[in-house]
Amino acid sequence: MIRTATPADVPVIHAMVRELADYEKALHEARATEEQLREALFGERPAAFAHIAEDDTTGEPVGFCLWFLNFSTWRGVHGIYLEDLYVRPEARGGGHGKALLTELARICVERGYERLEWSVLDWNEPSINFYKALGAAPQDEWTVYRLTDEALARLGS
């Protein structure tokens with residue numbers, strides 16, 4: 001049901017990234033190309049990792065997660081930051097999302113990582129309820145900040 005992504009999965013990962021961006025009402029912001037994903041996941045120095053959820057009957061990809069390592073200076077160990085978790089609408093409710101998160105939690109435990117973290121849009125009640133049911137706790141005291149585009153270029157110049 002859950003397996004590590006391979007280079008052959010890049011087109012379906014790219015498609016699902018775009019589906020997720022559309023669901024999050026931000027398709028116009030999803031500019032990553034298949035080649036960029038291939039390089040990030042399978043290049044000389046991979047910066048990200050992915051897992052695929054497959055339909056138990058057909059073996060077709062129905063979801064994915066894409067993640068990378070972070071580091072806690074307070075805990076002194078790595079953790080996983082889950083960038084994307086997506087299950088196609090027709091496969092939701094089949095346990096694929098939970099199985100993907102279970103695999104990431106297993107990796108954390110196996111490797112001694114002490115955190116599995118991600119962000120969720122505040123309007124995405126189905127996902128919020130799903131995460132809370134798994135025991136995840138919102139970090140309400142933290143606000144995410146982001147520099148992109150002109151602001152990033154201005155600061156970096």
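All values below were derived from every heavy atom in this structure, side-chain atoms included, with hydrogens, water molecules and symmetry-related copies excluded.
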Enquirer: Has the side chain of Arg18 got a donor or acceptor atom that lies under 3.5 Å from a matching backbone atom of Ala30?
Expert: yes
Enquirer: Does some side-chain heavy atom of Thr148 sit less than 4.5 Å from a side-chain heavy atom of Glu29?
Expert: no
Enquirer: Where is the tightest heavy-atom contact between His96 and Ala91, given as atom of each residue plus distance?
Expert: CD2-O, 3.3 Å
Enquirer: Go through it in stages, so that I can follow the logic: the residues are Leu82 and Leu101, the test is side chain to side chain contact (heavy atoms under 4.5 Å, CB included), and I'd like the CA-CA distance, side-chain angles, deciding distance and then a yes or no.
Expert: CA-CA 9 Å; Leu82 173 61; Leu101 283 170; 3.6 Å; yes
Enquirer: When rounded to the nearest 0.5 angstrom, what is the spacing between CH2 in Trp123 and CD1 in Ile128?
Expert: 9.5 Å
Enquirer: Is there a donor-acceptor pair closer than 3.5 Å between any side-chain N or O of Asn70 and the backbone N or O of Gly79?
Expert: yes
Enquirer: Mind checking the CD1-NZ spacing from Ile2 to Lys98? Nearest 0.5 Å is all I need.
Expert: 12.5 Å
Enquirer: First locate atom CE of Met16, then atom CG of Asp84, and finally report the distance between them rounded to the nearest 0.5 Å.
Expert: 10.5 Å
Enquirer: Same cluster for Phe68 and Leu104 if Ile/Leu/Val/Met/Phe/Trp/Tyr side chains link at under 4.5 Å?
Expert: no
Enquirer: To the nearest 0.5 angstrom, please state how far the OG atom of Ser127 sits from the CZ atom of Arg92.
Expert: 7.5 Å
Enquirer: Using 0.5 Å steps for rounding, measure from the CD atom of Glu117 to the CH2 atom of Trp142.
Expert: 9.5 Å
Enquirer: Would you say Tyr86 and Leu27 are hydrophobically clustered, going by side-chain heavy atoms of ILVMFWY under 4.5 Å?
Expert: no
Enquirer: Can Leu134 be reached from Leu85 by stepping across I, L, V, M, F, W or Y side chains whose heavy atoms are under 4.5 Å apart?
Expert: yes
Enquirer: Cationic tip of Arg111 within the cone over Phe49's six-membered ring, i.e. under 6.0 Å and within 45° of the normal?
Expert: no
Enquirer: I need the Asp9 CG to Thr4 OG1 distance, nearest 0.5 Å.
Expert: 10.0 Å
Enquirer: Under 30°, 30 to 60°, or over 60°: which ring-plane class applies to His78 and Phe71, parallel, tilted or perpendicular?
Expert: perpendicular
Enquirer: Measure the shortest side-chain to side-chain distance between Trp67 and Leu116 over non-hydrogen atoms and say whether it is less than 4.5 angstrom.
Expert: no
Enquirer: I need the minimum non-hydrogen distance between Tyr81 and Ser119, along with the two atoms involved.
Expert: OH-OG, 2.9 Å
Enquirer: Taking a hydrophobic cluster as the set of Ile, Leu, Val, Met, Phe, Trp and Tyr residues connected by side-chain heavy atoms closer than 4.5 Å, whether directly or through intermediates, do Phe42 and Phe64 fall within one such cluster?
Expert: yes
Enquirer: Would a 4.5 Å heavy-atom cut-off, applied to side chains only, mark His51 and Ile107 as touching?
Expert: yes
Enquirer: For Glu44, is the CD atom crowded, meaning more than 12 foreign heavy atoms sit under 6.0 Å from it?
Expert: no
Enquirer: Ignoring hydrogens and angles, tell me if any N or O in the side chain of Glu114 forms a donor-acceptor pair with the backbone of Gly112 under 3.5 Å.
Expert: no
Enquirer: Taking the side chain as everything from C-beta on, heavy atoms only, tell me whether Ile52 gets closer than 4.5 Å to Thr6.
Expert: no
Enquirer: So do the side chains of His14 and Val17 get within less than 4.5 Å of each other, counting heavy atoms only?
Expert: no
Enquirer: On a heavy-atom basis, which atom in Pro7 and which in Pro11 lie closest, and how many Å separate them?
Expert: O-CD, 4.3 Å
Enquirer: Do Leu41 and Leu66 have side chains that approach each other closer than 4.5 Å (heavy atoms only, starting at C-beta)?
Expert: yes
Enquirer: Measure the shortest side-chain to side-chain distance between Phe130 and Val120 over non-hydrogen atoms and say whether it is less than 4.5 angstrom.
Expert: no
Enquirer: Grab the two heavy atoms, one from Ala99 and one from Met1, that are nearest each other, plus how far apart they are.
Expert: CB-SD, 3.7 Å
